[in-house]
Novice: 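Before anything else, here's the structure in question.
Below, chains carry the letters A, B, ... as their sequence lines are ordered, and counting in each starts from 1. All values below come from the heavy atoms of this structure, side chains included, with hydrogens, waters and symmetry mates left out.
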Amino acid sequence: MPELPEVEVLVRYLRPLIRSRTIRGMDVRRVKVLAPTTTRELKRVLLGATFTGLSRRGKYLLFQLRRRRNSAPVTLLGHLGMTGRIYLARHSAPLPKHTAVVFDLGREKMVYEDTRYFGRLTLDTTAVEIIGPEPLDDGFDVTTLARALKRSGQPIKVKLLDQTLVAGIGNIYASEALFRAGISPKLPARQLTPKQVERLWRAIRRVLREAINGGSTVPLNFGRSGGSDGLFYFGRAAGTPDFYEERLWVYDRAGQPCQKCGAPIKRIVQAARSTFYCPHCQRKGDPAIPKPTA
DNA sequence: CACCATGTTCCTTG
DNA sequence: CCAAGGAACATGGT
């Protein structure tokens, strides 16, 4: 899935486009993505409702709607899983093979497509209530992070994927943040020194913010028509120069030279998922040592 | 055919 | 009860 930055970029793009738009019809082609909501219930609640807002929490999308003026707001929760996309299209545009839900918004349609159908679009909002702090908010401070890490002996990389620790970090940015912090992905969470926790905290925020900025300044093709996906997940719009390619330091770069020290990047498996890191810059218990000072 | 893939949840085991 | 590990979900790319 899109991790936090990709979802944030999507939200910023979509929000102004759907505000004040009314749902005039719905076509549910894969009921699984609504679970536990049923098609009948979704239609009962959403047909005729108007979008009033869109926000993000972790990797979740929170669509805000109102059925009538001054009536109680309704929340539609979205999650893109690994391969989900949401975009607006003309009615004449052909629907992709794995379209899960289509909303008729009048002049256009909003398409939710998901090749692997791991995503969700549902009225059940319990999932979002149990996730941890937003990494880019003030509520996410070093002390909170340090305290949470102290209670776990899991490798720090695996811990970063725990959405109750911090919301929104996925497999790509977990590796990236650890590289930027110069910390070994294998280091048990409770063994991070206060200095390392501080560096990790900074690295998480920096990596996520940079990715959001990158995605916000590049022309993106949210519907991916006619393009292959970059790792940023949204296809770039036609004609976008290559130098806009998202820049990752270690993810999916096994064997390539580390851009800091030249050592080959390694790939290992942790909790059944790939981890990429520089064995030289990210040594266990040995915080990245800057150039030896003369 | 084999293995890999941006995620989460559920089940089993210890 | 909790932590850890693995399978499941479903489809496609290499």
Novice: Which is true for A/K97 with a 4.0 Å heavy-atom rule: it touches a base, it touches only sugar-phosphate, or it touches nothing?
Specialist: sugar-phosphate
Novice: Check whether any side-chain N or O of A/Q163 sits under 4.0 Å from OP1 or OP2 of B/dG7, and answer yes or no.
Specialist: no
Novice: Would you indicate, yes or no, if C/dC9 has its OP1 or OP2 atom less than 4.0 angstrom from a side-chain nitrogen or oxygen of A/K32?
Specialist: no
Novice: Between A/A272 and A/A127, just flag the one whose closest nucleotide in DNA chain B comes earlier from the 5' side.
Specialist: A/A272
Novice: Taking the same atom, P, in C/dA7 and in B/dA2, what whole-Å distance lies between them?
Specialist: 16 Å
Novice: Among B/dG7, B/dT8, C/dA10, find the nucleotide with the atom closest to the side chain of A/N171.
Specialist: B/dG7
Novice: Just the rounded figure in Å: distance from P of C/dA4 to CD of A/Q270.
Specialist: 13 Å
Novice: If the cut-off is 4.0 Å, is A/S274 near the phosphate of B/dA5, judged by side-chain N/O to OP1 or OP2?
Specialist: yes
Novice: Using distance alone, with no hydrogens and no angle criterion, decide if A/D141 and A/T143 have a side-chain donor and acceptor under 3.5 Å apart.
Specialist: yes
Novice: In whole angstrom, give me the gap between the C1' atoms of B/dT8 and C/dG13.
Specialist: 22 Å
Novice: As an exercise, state the distance from CZ of A/R30 to CD of A/E113, rounded to the nearest 0.5 Å.
Specialist: 12.0 Å
Novice: In this structure, how many angstroms lie between the C1' atom of C/dC9 and the CE atom of A/M82, rounded?
Specialist: 11 Å
Novice: Atom CD1 of A/I212 and atom P of B/dT6: how far apart are they, to the nearest Å?
Specialist: 20 Å
Novice: Rounded to whole Å, please give me the gap between CZ in A/R120 and P in B/dT6.
Specialist: 19 Å
Novice: Do the side-chain N or O atoms of A/H79 get closer than 4.0 angstrom to the phosphate oxygens (OP1, OP2) of B/dT8?
Specialist: yes
Novice: Please give, in whole Å, the distance from B/dT8 P to A/R57 CZ?
Specialist: 13 Å
Novice: Can you measure A/D114 atom CG to B/dT6 atom P for me and round it to whole angstrom units?
Specialist: 15 Å
Novice: A/F118 stacking on C/dC9: centroids under 5.5 Å, ring planes under 30°?
Specialist: yes
Novice: Looking only at side-chain N and O atoms, does A/R85 come under 4.0 Å of OP1 or OP2 in B/dT6?
Specialist: no
Novice: When only distance counts, do a donor and an acceptor, one from the side chain of A/R116 and one from the base of B/dA5, lie under 3.5 Å apart?
Specialist: yes
Novice: Quick one: A/R30 CZ to C/dC9 C1', roughly how many Å, whole number?
Specialist: 11 Å
Novice: With a 3.5 Å cut-off and no angle check, do the side chains of A/Q64 and A/T75 form a donor-acceptor pair?
Specialist: yes
Novice: Using a cut-off of strictly less than 4.0 Å, decide whether A/R273 has a side-chain nitrogen or oxygen near OP1 or OP2 of B/dT6.
Specialist: yes
Novice: Has A/T115 got a side-chain atom pairing as donor or acceptor with A/T83's backbone, closer than 3.5 angstrom?
Specialist: no
Novice: Hey, would you say the A/Y13 and A/F222 ring centroids sit under 6.0 Å apart?
Specialist: yes
Novice: Round to the nearest Å and state the distance from A/L80 atom CG to B/dG7 atom C1'.
Specialist: 11 Å
Novice: Between B/dC11 and C/dA10, how many Å separate the two P atoms, rounded to a whole number?
Specialist: 15 Å
Novice: It should be established whether A/Y117 places a side-chain nitrogen or oxygen under 4.0 Å from OP1 or OP2 of nucleotide C/dT11.
Specialist: no
Novice: Output the single nucleotide from B/dT8, B/dG7, C/dG12 whose closest atom is nearest the side chain of A/Y60.
Specialist: B/dT8
Novice: Strictly by Watson-Crick or wobble contacts shorter than 3.5 Å, is anything paired with B/dT9, and which nucleotide is it?
Specialist: C/dA7
Novice: Going by side-chain hydrogen bond (donor to acceptor under 3.5 Å, both in side chains), A/Y173 matches just one of A/E3, A/R180, A/E6. Which one?
Specialist: A/E6
